[in-house]
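Written below as structure tokens is the structure these notes are about.
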Protein chains: 2
Amino acid sequence: MMENSPIPIDLDHLRRSCGSCALHELCLPAGIGTDDLELLDATVHDKRALDRGKTLFRQGESFHALYVVRSGSLKSFVESAGGDLQVLGFHLPGEIVGIDGLTSDHHMCSAEALERTSICELPYAQLQHVTGAVPALHRQLMRVVSREMVAEHEHMVMMGRQQAQERLAIFLQGLAVRYARLSRDPATLTLPMSRYDIANYLGLVMETVSRLFSRMEAAGILSVNRKAVRILRPDLLAELCGQSGTPYADHAD
Amino acid sequence: MMENSPIPIDLDHLRRSCGSCALHELCLPAGIGTDDLELLDATVHDKRALDRGKTLFRQGESFHALYVVRSGSLKSFVESAGGDLQVLGFHLPGEIVGIDGLTSDHHMCSAEALERTSICELPYAQLQHVTGAVPALHRQLMRVVSREMVAEHEHMVMMGRQQAQERLAIFLQGLAVRYARLSRDPATLTLPMSRYDIANYLGLVMETVSRLFSRMEAAGILSVNRKAVRILRPDLLAELCGQSGTPYADHAD
DNA sequence: CGACTGATTGAGTTTCCTCAAGAACTGTGG
DNA sequence: CCACAGTTCTTGAGGAAACTCAATCAGTCG
């Protein structure tokens, strides 16, 4: 797969560098000058690929790095003493995970690959060093952290809905929006997570989610085939969201 | 209230300074040297008191500062187009709010005082200036942000519980833990928020919360009198949490 | 003192959960 | 390539928990 070119290291570096990454504008490099970008590049370790089901970090482990999804997807979750778990989020390319570990130097949740996933690792000690030297990077890091916090707020808004159908509709619509950000077709969703994960994320049981998919398919809103979901009627889906799907739509300037 | 002393400004400053604040160890000053503390002090604007029901900032407003609760309490919430809202959190002294505004330079939620509340305002432009000069402050800011994120994860774990009683138990226990951090009696809770706010926060309706309070009082676990709640049997309360109340109890080293 | 807001309690209904069986897809090995 | 086991998902029937509607009670504030 990886042929030996005359200057293999440079090519390798170039291909993986933050500057050439497709996620450039979503990730930490956004708004950073080329000189400073090299500093950032030096701190990014490439973690290669995680196979489906493999954990990136586990709850309780000591914290030493932040991670950015490069391709594929992750789920993050907490396990309680009783053994039951709560899915906290699904993470698509360009999204950061591991921030929760900063406050106590231990990861407070686990992160697991939902499919074959590649990751950029940002050792925190080094990252701190660079943010100290590059104020723009500090600001961008805070922006990205803030974005994750807003995503969690959206999760709560969804969990707060009484009607199960609203929750699923908001979930699907949110996913479509994130697909669009990644320049994917927002109407053609490939759900990398199981029905169990979706249900847990939404605060429901698997059977309810399954029934809702069937109901929404019968209503002509979706076409559902296991992990392949097509949004046929975005207008009707938006209606099901009960005006709560886009709580942050209005940015009054 | 504020008598004229020979050097009024110094006294005033001393009383309000981060160094003398009781929340010192919970807040941004933690682990900062005295010299750097003066730099931080200079950026902190005192917002004085907000009366009950007054908003600190409103969803959609442009972002320009972070805020720390000094005394009293806040609730943060999002309003959807339909008019219904979701309570995202209750904020006690030492806790930071406003981080969600960083990602788009607009506040993505609103914050309102639940009682007479005093606030420290940290204009973000100035704060950034200081964090650039004081690496320890940058690290501490990230820690505090991370702590807020962990708090949101706890909220989700609670919302994910099916049983309404578990949710309320986890809520009360979490509040007790935060009271303890503030050196208050963790068994004597004074709930500054309404039953409606509690219910909304838990993803329930007011009547259910009210019934649960009554049921837990009948079971001898609590004594409830409006906003005054005493935890009579912490052991039974912990039992109701269903082993999910303290998901982060184990920090395996 | 009376209107008002906030909280409690009751009765009835709906939604979603539980339990259970069956169908469809995945992957492995012959 | 097919058979088979294992997993994941779907669908059904029944019941329980929480919601809705409604009335009452208690504090609060003018």
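Every heavy atom of this structure was used, including side-chain atoms; hydrogens, water molecules and symmetry mates were not. Chain identifiers are assigned alphabetically (A, B, ...) following the order of the sequence lines, protein sequences preceding nucleic acid strands; residue numbering begins at 1 within each chain.
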- prompt: Is any side-chain N or O of A:Ser214 closer than 4.0 Å to OP1 or OP2 of D:dT11?
  reply: yes
message: I'd like to know if the side chain of B:Asp100 and the backbone of A:Val150 have a donor-acceptor N/O pair within less than 3.5 Å.
response: no
query: Rounded to the nearest Å, what distance is computed from the CE atom of residue B:Met193 to the C1' atom of nucleotide C:dG6?
result: 15 Å
- prompt: When you measure from the side chain of B:Ser73 to the backbone N and O of B:Leu114, does any donor-acceptor pair fall under 3.5 Å?
  reply: no
message: Taking side-chain hydrogen bond (donor to acceptor under 3.5 Å, both in side chains) as the criterion, tell me which of B:Gln59, B:Gln86, B:His107, B:His91 meets it with B:Ser76.
response: B:His91
Residue list, ring-ring contact (aromatic ring centres under 6.0 Å, His included) with A:Tyr67, at least two apart or on another chain: A:Phe57
Straight-line distance of B:Asp51 CG to B:Glu115 CD, nearest 0.5 Å: 11.0 Å
- request: Scan nucleotides 18-30 of chain D nucleotide by nucleotide, 5' to 3', and note B when protein non-hydrogen atoms come under 4.0 Å of the base, S if they reach only the sugar-phosphate, - if neither.
  value: SSBBB---S----
task: Figure out the CG/P separation between B:Leu222 and C:dA7, and round it to whole Å.
output: 16 Å
- line: Whole-Å distance, A:Leu202 CG to C:dC16 P, equals 12 Å
task: Grab the CD-P distance between B:Glu217 and C:dT9 for me, whole Å please.
output: 8 Å
message: List the residues meeting salt bridge (Lys or Arg N to Asp or Glu O under 4.0 Å) with A:Glu121, not counting sequence neighbours, and say none if there are none.
response: A:Lys47
query: Within the structure shown, what part of the strands sits under 4.0 Å from B:Ser194 by heavy-atom distance: base, sugar-phosphate, or nothing?
result: sugar-phosphate
message: Tell me the interatomic distance from A:Lys227, atom NZ, to C:dA24, atom P, rounded to whole angstroms.
response: 17 Å
message: Without decimals, in angstroms, what is the distance between A:Met206 CE and C:dC17 P?
response: 12 Å
query: Nearest-Å distance, CZ (A:Arg195) to C1' (D:dT7)?
result: 14 Å
- request: Could you tell me the separation between the OH atom of A:Tyr196 and the P atom of C:dT18, rounded to a whole number of Å?
  value: 11 Å
